[in-house]
Amino acid sequence: MSLRRRVLGYLAIAAVASCALTVLVAAVLVRARLERQQLVTLRNQARVLALLGGAPGALAAGQHVYRVDLGRPRSVRPALALAILSAIPLRGAHLGTVTIAGRRLLYAAQPTGDGRIVLVRAAALAFAALRPFVVSLLIAGLGGVLLAGALSLLLARRLTLPIRRLAAATARVAAGERAVQVPVAGDDELAGLGRAFNRMAADLDRARESQRSFLESVSHELKTPLTSVRGYAEAIQEGAVDPAEAAGTIGAEAQRLQRLVGDLLELARLGRSGFAVSREPLELGAVVAEAVNRHLPQARRLGVSLTGCAQAGATAIGDHERLLQATSNLVENALRLTPAGGQVTVLGRGGEISVADTGPGLAPEDLPRAFERFYLHDRYRSERAVGSGLGLAIVRELALAMGGHVRAANRPQGGAEFTISLPTAGSLPPAGSQPPAGSQPPAGSQPRGGD
């Protein structure tokens, strides 16, 4: 059964039950009103008889009890009269109901000069008296049911229309259609559900686009070294190249593939929900010193000056090993881009570690996207030495995992500077807070890449 039919059924049941209850209450009220009218009529008859001195043939003084069920007053049996008189107030004019021998009676008592007249009749209403009202109530109830059914149909359509639209839109999204949105109007719960679906669909589109772009970039990066390896392997088979020379090229390409696969695995591990980093006080001076010592041999080989320093007492909150890994990625990138005779400086200060170089720097439009996966790699691969294209993306993921953020800037004297900012003991951000202005967005919020 469809949702609209279920909603229509529920509304119809509620409407019919409401109409039936209304008719029942109206019948009770009508019956009470008729009973009241009969009491008033009985009282008026008793007053007339009191003025006339009693019913025809009632000549003796005292209290006389008459029945008027058949229209003309008739004296009741002495035993019944005694029971009625004992059940009603002793003196004065009264009207109401009494129950005698299990039968409910209406009565009206009216004093006379010689005693009192009491008229009684059965409280049960004859069907003839109820017939006009019953017919009217049934007509009104049937009209109410028909109106309620029509309104239920309209309401069911109106209530289920947004849900049916959402169901259709969900099916379109599941089929792979992009840019799916549903119209939203109002501020009720259904409108909120529609807005939430639109946000989810938009986020899913961005995630799909990011995944597509990422896969295309990875496929491109894997294709180049594989093509080179295959070409040299065929050349060796044909004897067209020196095996030693080919082996060196194949080894270099294999190292490039190994580095790319390792970076991909690292990013995948960082993106898993189970990934966690410690949040402990760090001595930034120790991180700076380890990062510099780790890359000094490479710097000497490249002819680049690598130095590091940290402000006294510079600390942050994070994971020592993860911060060292992120800093090492920045140092490796800086060494690769800095020409011989240049300088790379690692600086630690309160809550931050920066890596500055005297290399070519970045174009202003590249700075906001510097930490996207493969962005700088694709941008400068034809003119600069580049890595796997994922190093800066890993730096950003590690910084975000530690509750920090990253930024890129050009130095006034030339070169680029990359900074990792982490919380400090006195400035831990509350749970769920947004990164400060200028930080790179979280993973998955835009097409990602990096050098």
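Fair warning: this is a prediction, and the values are worked out from it, not measured in the lab.
At a cut-off of 3.5 Å, with distance as the only test, a side-chain donor of His320 or Glu290 sits close to an acceptor on the other residue. Ser421 and Glu352 are linked by a side-chain donor-acceptor pair at a separation below 3.5 angstrom, with hydrogens and angles left out of the test. Looking only at atom types and distance, the side chain of Ser75 has no donor-acceptor partner in the side chain of Arg67 under 3.5 Å away. Looking only at atom types and distance, the side chain of Arg336 has a donor-acceptor partner in the side chain of Asn333 under 3.5 Å away.
Counting heavy atoms from C-beta on, the side chains of Arg294 and Leu324 come closer than 4.5 Å. With a 4.5 Å cut-off on side-chain heavy atoms, Asn329 and Leu392 do not count as touching. Contact of the Val184 side chain with the Phe197 side chain is not registered, since no non-hydrogen atoms from C-beta on lie closer than 4.5 Å.
The CZ atom of Arg47 lies 11.5 Å from the CG atom of Leu42; values are rounded to the nearest 0.5 Å. Atom CZ of Arg279 is separated from atom CG of Asp319 by 9.5 Å, given to the nearest 0.5 angstrom. Atom CZ of Arg36 is separated from atom CG of Leu106 by 11.0 Å, given to the nearest 0.5 angstrom. To the nearest 0.5 Å, atom CE of residue Met402 and atom CG of residue Leu282 are 8.0 Å apart. Distance check: Leu105 CG to Ile84 CD1 gives 5.5 Å after rounding to the nearest 0.5 Å. From Leu330, atom CG reaches atom CD1 of Ile353 across 9.5 Å, with rounding to the nearest 0.5 Å.
Remark: Arg103 CZ is loosely packed, at most 12 non-hydrogen atoms of other residues, nucleotides or ligands lying under 6.0 Å away.
Every residue meeting the side-chain contact (heavy atoms from CB on, under 4.5 Å) condition with Ala87, not counting sequence neighbours, appears here in chain and number order: Val98, Ile100. In this structure Arg199 satisfies the salt bridge (charged side-chain N to carboxylate O under 4.0 Å, His left out) test with no other residue, sequence neighbours excluded.
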Kindly indicate, with the supporting measurements, whether the criterion salt bridge (charged side-chain N to carboxylate O under 4.0 Å, His left out) is fulfilled by Arg322 and Glu397. CA-CA 10 Å; Arg322 293 302 177 182; Glu397 298 290 347; over 6 Å; no
Is there a side chain to side chain donor-acceptor pair (under 3.5 Å) between Arg104 and Thr99? Walk through the geometry before answering. CA-CA 4 Å; Arg104 189 166 172 269; Thr99 301; 5.6 Å; no
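Listed for the Asp357 side chain is no donor-acceptor partner under 3.5 Å among the backbone atoms of Gly415. For the pair Arg43 (side chain) and Gln110 (backbone), a donor-acceptor distance under 3.5 Å is absent. Not a single donor-acceptor pair under 3.5 Å links the side chain of Arg411 to the backbone N or O of Glu417. Remark: the backbone N or O of Asn198 is paired with a side-chain donor or acceptor of Gln181 at under 3.5 angstrom.
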